[in-house]
Number of protein chains: 2
Amino acid sequence: MAGNNKLTEEKIFEAATEEFVDKGMDGARMQDIATRAGINKALLHYYFRTKDHLFDAVFEMIARKIMKRFSPVFDENFSFEDKIRFFFREHISFLQENPKLPGFILNEINRNPARIKKLLSSVDFENIWNTFYKQHKEDLLKYNISKETMPQLMISIAAMSVFPFAARGIIEGALMKSGIEFNDFMEERKKFAAEFVISAISK
Amino acid sequence: MAGNNKLTEEKIFEAATEEFVDKGMDGARMQDIATRAGINKALLHYYFRTKDHLFDAVFEMIARKIMKRFSPVFDENFSFEDKIRFFFREHISFLQENPKLPGFILNEINRNPARIKKLLSSVDFENIWNTFYKQHKEDLLKYNISKETMPQLMISIAAMSVFPFAARGIIEGALMKSGIEFNDFMEERKKFAAEFVISAISK
DNA sequence: CGTAAATTTGACCATATGGTTAAACTAATA
DNA sequence: TATTAGTTTAACCATATGGTCAAATTTACG
């Protein structure tokens with residue numbers, strides 16, 4: 001029973017993850033989640049009580065997954081340039097495996113800003129900057145990157161990997177018209193974006 | 001009466017625009033639109049028939065507005081570099097006036113890709129590239145930008161201005177923690193992004 | 001094996017939602 | 001001014017939606 005219990009709960013969780021990522025909180029339907037999980041709709045409430053609770057659980061799992069994937073950027077012992085390359089390679093690879101995540105996360109950011117505010121309250125940006133600064137003092141000086149310009153750089157880096165997936169519906173169509181396949185484009189982007197950024201800061 | 005007719009229809013359209021941009025198609029409610037417009041809900045159906053029709057009308061108006069604002073990039077007689085500067089200045093200014101648009105558009109791209117496909121069917125990318133190439137042949141050669149790398153560059157440019165607004169909910173909070181105000185940050189970004197891109201292609 | 005606990009089912013519930021309808025009201029016209 | 005055309009209202013409708021509930025079924029345990 002414990003085994004079966006876990007199975008039903010997991011089935012629900014997986015189906016809910018897919019349905020929420022596809023359609024967002026507003027567009028997802030409990031009946032559709034149940035159908036997707038192959039279970040009776042009442043079980044959603046038995047295991048997770050409400051749609052909100054189910055969504056919260058899914059969102060937190062996703063947030064954790066993302067954090068876990070990218071924390072190495074701040075720990076790895078390699079150069080600043082190689083960290084930029086690492087980030088693009090890893091980030092785009094991750095998004096290739098989860099292409100609908102940017103759309104989902106951005107939609108949720110706009111739909112429910114309070115959720116994000118809460119998420120941020122546990123992040124110590126000062127400490128992150130200090131750690132990063134200690135690791136890369138010389139490179140930061142060399143590239144003329146101050147604590148003030150760092151946010152502009154970080155957001156540009158994030159933008160360049162996330163945006164194509166978030167806007168995939170329009171970008172994919174536009175690329176097709178030029179005979180370019182989206183996945184090839186993103187594969188190529190791992191290198192293009194890294195070299196673009198490194199070139200930009202190497203003025 | 002004709003004057004009053006126009007007024008009611010306009011009131012609905014404006015309220016619907018705000019409500020759809022705030023909440024998207026899935027999150028917006030006809031009753032809320034009516035409340036926002038200060039009219040009886042049945043009038044939404046009298047003037048626009050269905051929620052879908054109302055949404056279509058709003059979306060088309062927004063798409064037209066965006067196209068109109070940025071077509072000058074392809075017409076103006078100034079240098080390639082100045083076009084990049086012009087684009088960032090205009091684009092970010094536009095988004096500062098309409099900060100919720102990126103979130104709305106990206107959400108709709110993901111919610112209803114067919115709509116975007118239809119929008120794209122009327123765009124002649126080949127012609128746009130040819131026109132652009134004719135205007136900037138020397139600059140494109142100078143910066144080593146081929147027809148193949150152009151999409152990567154264009155998408156990077158779009159990403160760098162759109163993404164901060166689309167992810168405003170998280171970026172604003174993160175910046176606040178560093179004592180930076182979002183609007184100041186975006187004002188500064190007009191220059192930062194342009195010089196970043198020009199520097200990147202000037203390898 | 002019988003009993004208790006846990007899980008599942010299917011019918012039902014209360015409210016929300018997009019939409020309809022006919023009467024009332026207002027504006028236009030002869 | 002009476003009639004017609006257009007607009008607005010408020011009640012209503014049909015279905016969707018998230019959730020409830022009690023009976024049935026399955027699992028666990030002594």
Side-chain angles (χ1 to χ4, degrees), chain A residues 1-62 104 107-108 110-112 114-115, chain B residues 1-62 104 107-108 110-112 114-115:
Chain A
M1 192 219 62
N4 219 27
N5 176 5
K6 276 292 172 66
L7 204 60
T8 303
E9 191 172 343
E10 274 182 32
K11 276 201 275 189
I12 294 174
F13 196 83
E14 281 170 19
T17 300
E18 289 170 12
E19 203 68 15
F20 282 136
V21 168
D22 280 351
K23 302 178 185 173
M25 176 63 173
D26 288 336
R29 295 291 174 256
M30 293 298 257
Q31 182 56 64
D32 291 340
I33 291 168
T35 302
R36 204 167 197 164
I39 52 106
N40 183 298
K41 178 165 75 76
L43 289 181
L44 300 180
H45 302 282
Y46 180 76
Y47 282 96
F48 292 92
R49 282 231 313 283
T50 64
K51 189 179 181 180
D52 272 340
H53 284 162
L54 182 55
F55 187 83
D56 286 347
V58 167
F59 195 86
E60 277 182 31
M61 179 276 290
I62 289 171
F104 170 70
N107 185 38
E108 191 54 23
N110 290 299
R111 199 191 70 88
N112 185 359
R115 179 188 301 278
Chain B
M1 190 220 61
N4 218 27
N5 174 4
K6 277 291 171 69
L7 203 60
T8 304
E9 191 173 342
E10 275 182 31
K11 276 201 275 192
I12 293 174
F13 195 83
E14 282 170 18
T17 299
E18 287 169 14
E19 204 67 16
F20 283 135
V21 168
D22 280 351
K23 301 176 189 174
M25 176 63 172
D26 288 337
R29 296 290 173 256
M30 294 298 258
Q31 182 55 64
D32 292 341
I33 292 168
T35 302
R36 204 166 199 168
I39 53 103
N40 183 294
K41 181 166 73 74
L43 288 181
L44 301 180
H45 302 282
Y46 179 76
Y47 283 96
F48 292 93
R49 285 233 309 284
T50 65
K51 189 180 181 181
D52 272 342
H53 283 162
L54 183 54
F55 187 82
D56 286 347
V58 166
F59 194 86
E60 277 182 33
M61 180 275 291
I62 289 172
F104 170 70
N107 185 36
E108 191 53 24
N110 291 299
R111 201 192 65 90
N112 184 0
R115 179 189 299 279

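Just so we're clear, the structure is a prediction, and the values are computed from it rather than from any experiment.
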What pairs of nitrogen or oxygen atoms, one from the protein and one from nucleotides 9-12 of chain C, lie under 3.5 Å apart?
unit_1 : atom_1 : unit_2  : atom_2 : d
C:dG10 : N7     : A:Asn40 : OD1    : 3.4
C:dG10 : N7     : A:Asn40 : ND2    : 3.1

Between CD of A:Glu10 and P of C:dT7 the distance, given in whole Å, is 14 Å
B:His53 and B:Phe48: which non-hydrogen atoms are nearest, and at how many Å?
-> CB-O, 3.1 Å
Using a heavy-atom distance cut-off of less than 4.0 Å, which residues of residues 19-37 of chain A contact DNA chain D?
-> A:Ala28, A:Arg29, A:Met30
May I ask you to check if B:Arg111 and B:Phe20 form a cation-pi contact, with NZ or CZ under 6.0 angstrom from the six-membered ring centre and within 45° of the axis?
-> no
What's the NE2-C1' distance between B:His45 and C:dA22, to the nearest Å?
-> 16 Å
Does the distance from a Lys or Arg side-chain N to an Asp or Glu carboxylate O, for A:Arg36 and A:Asp22, drop under 4.0 Å?
-> yes
Nearest heavy atoms of B:Val21 and B:Phe104, plus distance in Å | CA-CD1, 3.7 Å
Side-chain contact, heavy-atom cut-off 4.5 Å: B:Lys51 with B:Arg29?
-> yes
Search all heavy atoms of B:Ala15 against all heavy atoms of B:Ile33 and return the closest pair with its distance.
-> CB-O, 3.6 Å
Hey, does B:Arg115 have a side-chain heavy atom less than 4.5 Å from the side chain of B:Asp56?
-> yes
Measure from CG on B:Leu7 to C1' on D:dT8 and round the result to the nearest Å.
-> 14 Å
Is the shortest side-chain N/O distance from B:Thr8 to OP1 or OP2 of D:dT7 below 4.0 Å?
-> no
Roughly how many Å is it from NZ in A:Lys51 to C1' in C:dT15, rounded to a whole number?
-> 15 Å
Should the pair A:Asp32-A:Lys23 be classified as a salt bridge under the 4.0 Å nitrogen-to-oxygen rule?
-> yes
In whole angstrom, what separates B:Glu9's CD from D:dG6's P?
-> 15 Å
